[in-house]
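Since the structure comes first, as structure tokens, the remarks are kept for the end.
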Amino acid sequence: MFQEGTRPSGMHCVFEGRLKVSKVSSDGKEQILALRKEGDALGSQALADSGHYAYSAVALSDCVVCMVPRPDFHSLLEQNPQFSHAILKLLAQTLGETQKRMLHTAYKPVRERLAEALLLLYRFFQPETASRLLSEFRDEGLVATQGSRIIVLDLKGLQKISALHA
């Protein structure tokens with residue numbers, strides 16, 4: 001949808017579909033910051049501070065996205081207090097989520113972070129999609145399952161799939 005470092009063209013509102021929000025680290029590795037779905041808005045921070053996108057947004061499925069162009073966004077901020085308050089609330093919520101995630105990363109044990117990540121994926125993609133994808137990975141020889149355990153069999157294969165969607 002948009003690339004990190006580019007100038008924002010507007011605020012994007014996800015009407016349908018799923019996206020990942022990611023940033024590339026100084027060593028060239030992608031870090032997924034968030035997953036977004038219907039009802040989420042992206043790009044307001046870059047528009048509010050007249051900067052550039054601090055992250056990329058990439059579709060994970062077919063998406064329908066509406067955009068409020070940059071001039072309209074600024075005009076709405078100036079002329080519509082309700083819109084301004086909603087954007088302020090959105091920015092505060094995003095900041096709060098980021099702070100919470102940083103604290104979890106710094107202080108939670110790996111076991112708890114993994115459980116949280118799996119729950120996030122489960123809620124985001126829904127069980128039938130996660131189960132179907134896990135079955136596909138198993139059929140392709142990428143992973144094996146033993147009860148509730150998932151064993152990675154082909155790390156390079158998973159990395160290749162990940163790179164295709166980065």
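Only a predicted model underlies this, so the values are computations on that prediction, with no experimental measurement involved.
Although no hydrogens or angles enter the test, the distance criterion places no donor-acceptor pair under 3.5 Å between the side chain of E30 and the main chain of S22. In terms of modelled atom types and a separation under 3.5 Å, the side chain of R70 and the main chain of P8 share a donor-acceptor contact.
At a threshold of 4.5 Å between side-chain heavy atoms, the hydrophobic network of Ile, Leu, Val, Met, Phe, Trp and Tyr places L76 and M11 in one connected group. I32 and V21 sit in two unconnected hydrophobic clusters of ILVMFWY residues. Membership requires side-chain heavy atoms under 4.5 Å apart, directly or through other members. Note on V68: it does not cluster hydrophobically with M1, by side-chain heavy-atom contacts below 4.5 Å among ILVMFWY residues. In this structure, V14 is a member of the same hydrophobic cluster as F2, with clusters built from ILVMFWY side-chain heavy atoms closer than 4.5 Å. L153 and L134 fall into different hydrophobic clusters, where Ile, Leu, Val, Met, Phe, Trp and Tyr are joined by side-chain heavy atoms under 4.5 Å apart, directly or via other members.
Between S84 and L77, the closest heavy-atom pair is OG-O, 2.5 Å. When all heavy atoms are compared, the tightest approach of C63 to A59 is SG-CB, 3.8 Å. The shortest heavy-atom contact between L90 and S44 is CD2-OG, 3.5 Å. Nearest heavy atom pair, residue S9 against residue Y53, reads N-OH, 3.4 Å.
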Tell me, with the steps shown, if L60 and L35 meet side-chain contact (heavy atoms from CB on, under 4.5 Å).
CA-CA 9 Å; L60 296 172; L35 299 171; 4.0 Å; yes

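Interatomic distance, CG of L47 versus CZ of F73, reported as 5.0 Å (0.5 Å rounding). The CD atom of Q79 sits 3.5 Å away from atom OG of S75, with the distance rounded to the nearest 0.5 Å. Between atom CE of residue M102 and atom OH of residue Y107 there is a gap of 9.5 Å, rounded to the nearest 0.5 Å. Separation of atoms NZ (K100) and OG1 (T98) is listed at 12.0 Å; rounding is to 0.5 Å. Within the model, atoms CG of L42 and OG of S56 stand 11.5 Å from one another, a figure rounded to the nearest 0.5 Å. Taken to the nearest 0.5 Å, the OG atom of S135 stands 11.0 Å off from the CD atom of E140.
Within a 6.0 Å sphere centred on CD of E4, heavy atoms belonging to other residues, nucleotides or ligands number more than 12. Residue D139 places its CG atom among more than 12 non-hydrogen atoms of other residues, nucleotides or ligands, all under 6.0 Å distant.
Side-chain contact between F137 and I150 is absent, with no heavy atoms from C-beta onward closer than 4.5 Å.
For the pair E38 and R18, the salt-bridge criterion is met [side-chain N within less than 4.0 Å of a carboxylate O].
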